[in-house]
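Data first, discussion second: the structure below is written as structure tokens.
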2 protein chains.
Amino acid sequence: MIENDFFRALADPTRRAIFEKLAAGSMNASALREGMEISQPAMSQHLAVLRSAKLVREERQGRFVNYEVDPDGLALIAQWLAKYRAYWPERIAALKVLLKDMDQ
Amino acid sequence: MIENDFFRALADPTRRAIFEKLAAGSMNASALREGMEISQPAMSQHLAVLRSAKLVREERQGRFVNYEVDPDGLALIAQWLAKYRAYWPERIAALKVLLKDMDQ
DNA sequence: GAATCGCATAAGTACGTGCTTATGTGTTCG
DNA sequence: CGAACACATAAGCACGTACTTATGCGATTC
């Protein structure tokens with residue numbers, strides 16, 4: 001039941017904010033905290049949850065740990081969503097355009 | 001913050017099971033309970049959560065209430081996912097195929 | 001219209017989760 | 001090597017959440 005991981009991970013607004021910040025550019029845990037009013041342990045715990053959900057991956061760089069979006073998690077969500085394509089409304093223009101891009 | 005609703009709704013495995021069952025065919029609350037070992041109030045509460053997340057919609061039919069998948073919620077998830085298309089891996093073959101279908 | 005059925009809501013409870021403070025681990029630098 | 005730094009982990013606590021039992025409410029049936 002891997003779906004449990006990413007849905008649970010994204011159910012928390014703070015974690016979504018962290019993920020969104022990483023999507024704008026990879027950075028280390030300290031940089032992530034800037035402007036977020038979150039303690040260091042809390043950030044570390046959130047990153048651990050996002051990591052186990054494969055939404056984020058880490059890379060040690062000296063004494064810093066750089067974090068970046070892990071495509072694996074997004075792929076899993078996409079696959080989950082794909083199961084219900086029969087119910088996708090016509091107006092999901094965003095996905096249509098995206099897929100066209102990917103086919104090129 | 002509407003994203004909160006559907007991510008939180010899908011974070012529970014029981015609710016995902018209910019949603020999945022409805023995706024296979026719309027039915028009323030009693031029919032949903034069959035083979036699920038879940039009390040009637042619990043089912044009702046789960047359906048209320050799915051409803052407020054726009055993942056499911058109801059339709060009164062006599063003294064039954066028929067439930068079906070609401071495309072609105074799926075569209076919201078798709079829109080959320082689309083924001084991170086820059087990170088979609090090449091191997092999301094499933095979505096590629098799906099979008100081709102939709103473009104026809 | 002009274003009983004029954006399908007479902008929703010109320011209230012209480014056990015457990016999960018996100019936070020805190022405190023401490024540990026690995027890395028760099030003087 | 002020892003101090004400082006970046007981060008992870010531990011333990012405890014307040015709160016949210018998913019369940020339970022009990023009851024309410026609309027619709028059907030006799």
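Numbered from 1 within each chain, the chains take letters A, B, ... in sequence-line order. Quick caveat, the model's predicted, so the values are computed rather than measured.
By the 30° and 60° cut-offs, the orientation of the rings of W80(B) relative to F19(A) is parallel.
Put simply, the residue from R51(B), K21(B), E59(B) that forms a side-chain hydrogen bond (donor to acceptor under 3.5 Å, both in side chains) with Y67(B) is R51(B).
Q40(B) places its CD atom 14 Å from the P atom of dA10(C), with the value rounded to the nearest Å. What separates CD of Q61(A) from C1' of dC5(D) is a distance of 16 Å, to the nearest Å. The CE atom of M43(B) sits 14 Å away from the P atom of dG6(C) (whole-angstrom rounding). Protein atom CZ of R60(B) is 9 Å distant from nucleotide atom P of dG26(D), rounded to whole Å. Remark: P of dC7(C) and CD of E58(B) are 11 Å apart, rounded to the nearest angstrom. Atom CG in L47(A) sits roughly 15 Å away from atom C1' in dC19(C) (whole-Å rounding). When the C1' atom of dC7(C) is taken as reference, atom CG of N66(B) falls 13 Å away, rounded to whole Å. Protein atom NE2 of H46(A) is 15 Å distant from nucleotide atom C1' of dT9(D), rounded to whole Å.
Under the 3.5 Å distance criterion, the side-chain polar atoms of R60(A) are matched with a main-chain donor or acceptor of G62(A).
Side chain of F64(B), nearest nucleotide from dG6(C), dC19(C), dT20(D): dG6(C). The nucleotide whose nearest atom lies closest to any side-chain atom of R63(B) is, among dG6(C), dA6(D), dA10(C), dG6(C).
In this structure, I38(A) and A42(B) both approach DNA chain C, and ranking their closest nucleotides by distance from the 5' end singles out A42(B). Nearest-nucleotide positions on DNA chain D place E37(B) closer to the 5' end than the other of E37(B) and G62(B).
Within the structure, every side-chain polar atom (N or O) of Y67(B) is placed at least 4.0 Å from both OP1 and OP2 of dG6(C). For R8(A) and dG16(C), the shortest distance from a side-chain N or O to OP1 or OP2 is not below 4.0 Å. The side chain of R15(A) contributes an N or O atom lying less than 4.0 Å from OP1 or OP2 of dG18(C). For the pair S44(A) and dA6(D), the criterion of a side-chain N or O lying under 4.0 Å from OP1 or OP2 is not met. Here S39(A) reaches the OP1 or OP2 of dT20(C): one of its side-chain N or O atoms lies under 4.0 Å away. Remark: R51(A) is in phosphate contact with dA8(D), judged by side-chain N or O atoms under 4.0 Å from OP1 or OP2.
With rounding to the nearest 0.5 Å, the separation of CZ in R15(B) from CZ in F6(B) is 14.0 Å.
Evaluation of atom-type donor-acceptor distances gives a pair under 3.5 Å for the side chain of Q45(A) against the base of dT20(C).
The closest side-chain heavy-atom distance from H46(A) to I38(A) is below 4.5 Å.
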